[in-house]
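Values in this document were obtained by computation on a predicted structure and should not be read as measured data. The figures here come from the full heavy-atom set of this structure, side chains too, leaving out hydrogens, waters and symmetry mates.
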Amino acid sequence: MKKNISFALFFCLSLLLMGCVQKDKSSDMHIQEQSNNPFNLNEMEESGANVQASYGYSIVNYDKENRLIEYKKEEEILNIEYAIDNSGKSCEVGMIMFMDGIPQSYIVNGVKEYIFPVFLEEKSKKNVSVLYHPSVVDKGAEHRVFFACIYEPHYVASEENNGYGNYHNILPMLPWTLEGQGNILKIDICKEYEVQSMNEEFRSKYIDKNSDGTIRNRLEHTTIFQYLQDGEVTYDKINIKDGKAKFQIQAFGDMKITYRLSAFVNNEPVDLFDGCSYLDISVEKDKITVINIDMNIDDIKLDKFNSLDVFYAPIETAGGAEDPIVDKVQTISLVNE
C-alpha cells in the first residue's frame, strides 16, 4: 500500500437534489460517495448533485514514495509544506497532525496552532508551509505520523441547526514515519475505562441482509464510536448541567486494536479524560469499551453551543487492519444551558 498515498484522495461533499433540498451553511449535509470517477465534478453536477466541497492535499517536501520524514537533529524545526487542490466551492479546511497518537502543534506566524485553518478559494490550488518541532512520547527511533484535514472546523451548530452533517468531517492520509528522536514529552496518558460483553441483541443491530440475500457485518474491520448521555445514544448534543458534562463514549468492533484518544472543544485541546489530555483504550471482538466522562468546564471558555471533537489514533493493531488511519468520533455539540 505504500505507493498509494502521500496524496489524500479527493473527497466530495454533495447533496443530491432527489430526496433533499439545498440548504445554506447552517444546515445538515450528507456525504455522497462516488464509486466511479470522483474527480469528474461536471458529471456529478449534471447528474443532479450539488457539490459542496471537493479537495485533496499532499505533503510535497518529504519522501512521498515511502511516506518518510527524516529528523536529523534533535532541536531541528521541520518545515511541512502542504499542497492543497480545491476542485469545488470555496471553503475552510483545518490541518492537524499526530505523532505517537499525540496532536502536534504547528507554529504559524509565531503562534501555536493545533488545527491550522486554511481558506480555499473556489477551484483553486494553494501551497501552505508550517513550522513544526516533533514531540514524541517514547525514545524509539521511528514514530508513526498521521496527517489529516478537517472540513470547515470553525462551524458550530445552533438552536435552529443542531447537527453537523459534513462539517468537521476528517480527511486523513495513510500513516507516515518519522525517523529520529524528537522532543520527549512528559505527559500523563490515562488508561481507565470499562469493558462490557457484547450480547447478541446488541450485535444484531449491526448485521444487515443485502438485497441478494448475503449478510453484511458492519462491525467487520472497523471500530464504531458513539456517545451516550443518561443511558441513551445521542447524535446531536450533550447537555452541560451544573457546570459539568456527564456522558459516555462507547467503542466496539470486530478488530483488535489499541487507540490513543484526544479531545478538542472549539478547536482547542482539553483534558477530557479524568483530568488527562489523552486516553489509551483497547477494542476487541465481542466486547464494548466504555469511557465514562465527568467533564468539569470551569477552565474552558464556552458559548451556549460548542463543538466537541474526539480523535482516535491507532497505536497498536493485532491483524485485521493494514495501515489503519487516524479518525474521529462524529462531531457533537456541547450545550451549555
Side-chain angles (χ1 to χ4, degrees), residues 25-31 94 96 101 103 114-115 148 150-170 189-196 202 205-206 222-253 259-281 283 288-313 326-337:
K25 187 172 178 176
S26 63
S27 304
D28 288 352
M29 297 186 296
H30 304 281
I31 295 179
I96 188 168
Y114 284 92
I115 301 178
I150 309 299
Y151 176 69
E152 295 287 357
H154 285 106
Y155 175 81
V156 178
S158 64
E159 195 81 54
E160 297 77 19
N161 297 280
N162 58 9
Y164 278 82
N166 286 329
Y167 296 116
H168 290 240
N169 262 4
I170 186 171
I189 300 176
C190 290
K191 297 183 179 180
E192 294 185 10
Y193 57 91
E194 298 177 5
V195 178
Q196 301 173 356
F202 189 99
K205 298 175 184 177
Y206 301 92
T222 192
T223 305
I224 295 174
F225 283 75
Q226 62 184 17
Y227 294 105
L228 293 87
Q229 189 169 41
D230 299 325
E232 299 291 333
V233 177
T234 179
Y235 299 101
D236 55 358
K237 66 178 180 178
I238 293 170
N239 292 313
I240 299 172
K241 299 176 182 178
D242 301 323
K244 287 191 175 183
K246 294 186 178 183
F247 59 98
Q248 292 180 321
I249 302 174
Q250 287 184 340
F252 48 90
Y259 293 106
R260 181 159 293 155
L261 276 60
S262 55
F264 288 73
V265 171
N266 299 333
N267 298 327
E268 294 295 331
V270 294
D271 298 335
L272 185 66
F273 310 107
D274 195 23
C276 294
S277 298
Y278 315 106
L279 174 70
D280 286 0
I281 65 168
V283 179
I288 304 172
T289 299
V290 181
I291 306 161
N292 295 302
I293 306 293
D294 189 353
M295 180 181 180
N296 192 321
I297 66 168
D298 290 344
D299 299 326
I300 305 174
K301 184 179 179 180
L302 296 177
D303 298 316
K304 182 174 182 180
F305 284 85
N306 310 271
S307 63
L308 171 62
D309 287 302
V310 175
F311 295 86
Y312 49 99
V326 67
D327 208 336
K328 61 186 285 295
V329 188
Q330 177 66 33
T331 305
I332 199 166
S333 287
L334 282 177
V335 182
N336 192 15
E337 300 289 354

Please test Tyr312 against Val329 for side chain to side chain contact (heavy atoms under 4.5 Å, CB included), starting from the C-alpha separation and ending with a verdict.
CA-CA 8 Å; Tyr312 49 99; Val329 188; 4.1 Å; yes
Which atom names give the shortest non-hydrogen contact between Gly253 and Val283, and what distance separates them?
N-CG1, 3.9 Å
Would you mind reporting whether Val265 and Leu334 have side-chain heavy atoms less than 4.5 Å apart?
yes
Side chains of Tyr259 and Thr223: does their closest heavy-atom pair fall under 4.5 Å?
yes
Please tell me if the side chains of Phe311 and Ile96 come closer than 4.5 Å, counting only heavy atoms from C-beta onward.
yes
Spatial distance of atom CD (Glu232) from atom CG (Asp230) [nearest 0.5 Å]
8.5 Å
How long is the straight-line distance from CG of Asn292 back to CE of Met295, given to the nearest 0.5 Å?
15.5 Å
Begin from the C-alpha positions of Lys246 and Ile293 and carry the test side chain to side chain contact (heavy atoms under 4.5 Å, CB included) through to its verdict.
CA-CA 6 Å; Lys246 294 186 178 183; Ile293 306 293; over 6 Å; no
Between Lys304 and Glu159, does at least one N-O distance fall below 4.0 Å, as a salt bridge requires?
yes
Please answer whether the main-chain N or O of Ser307 pairs with a side-chain N or O of Asn266 as donor and acceptor at a distance below 3.5 Å.
yes
With rounding to the nearest 0.5 angstrom, report the CG to OH distance, Asn162 to Tyr235.
14.5 Å
Taking every non-hydrogen atom, the tightest pair across Ile332 and Lys237
CG1-N, 3.4 Å
Is any side-chain heavy atom of Val310 closer than 4.5 Å to one of Phe225?
no
When rounded to the nearest 0.5 angstrom, what distance separates OG in Ser262 from CG in Asp309?
10.0 Å
Determine whether Pro153 and Ile115 make a side-chain contact, defined as any pair of heavy atoms from C-beta on separated by less than 4.5 Å.
yes
Step by step, would you call Tyr151 with Tyr155 a ring-ring contact (aromatic ring centres under 6.0 Å, His included)?
CA-CA 9 Å; Tyr151 176 69; Tyr155 175 81; 9.4 Å; no
Please check if any side-chain donor atom of Asn306 sits under 3.5 Å from a side-chain acceptor atom of Asp303, or the reverse.
no
Say you draw a straight line from CZ of Phe273 to SG of Cys190; how long is it, rounded to the nearest 0.5 Å?
9.0 Å
Please tell me if the side chains of Val195 and Val290 come closer than 4.5 Å, counting only heavy atoms from C-beta onward.
no
Nearest heavy atoms of Tyr278 and Pro103, plus distance in Å
CE2-CD, 3.5 Å
Minimum heavy-atom separation for Ser333 to Tyr164, with atom names?
OG-CE1, 3.3 Å
What distance do Leu272 atom CG and Ile300 atom CD1 have between them, rounded to the nearest 0.5 Å?
8.0 Å
Starting from the C-alpha separation in whole Å, work towards a yes-or-no answer on side chain to side chain contact (heavy atoms under 4.5 Å, CB included) for Tyr167 and Asn161.
CA-CA 12 Å; Tyr167 296 116; Asn161 297 280; over 6 Å; no
Is there a donor-acceptor pair closer than 3.5 Å between any side-chain N or O of His168 and the backbone N or O of Thr331?
no
Can you confirm whether more than 12 heavy atoms, excluding those of Glu337, are under 6.0 Å from its CD atom?
yes
Do you know which two heavy atoms are closest between Gly275 and Asp271, and how far apart they sit?
O-CB, 3.6 Å
Side-chain donor/acceptor of Gln250 to backbone N/O of Ile291, under 3.5 Å:
no
Can you find a heavy atom in the side chain of Glu194 that is under 4.5 Å from one in the side chain of Ile288?
no
Are the side chain of Tyr227 and the backbone N or O of Gln248 linked by a donor-acceptor pair below 3.5 Å?
no
Show, in sequence, the C-alpha distance, side-chain angles and deciding distance for Phe252 and Thr289, and conclude whether the side chain to side chain contact (heavy atoms under 4.5 Å, CB included) test is met.
CA-CA 6 Å; Phe252 48 90; Thr289 299; over 6 Å; no
Contact check, side chains of Ile281 and Arg260, non-hydrogen atoms, under 4.5 Å
no
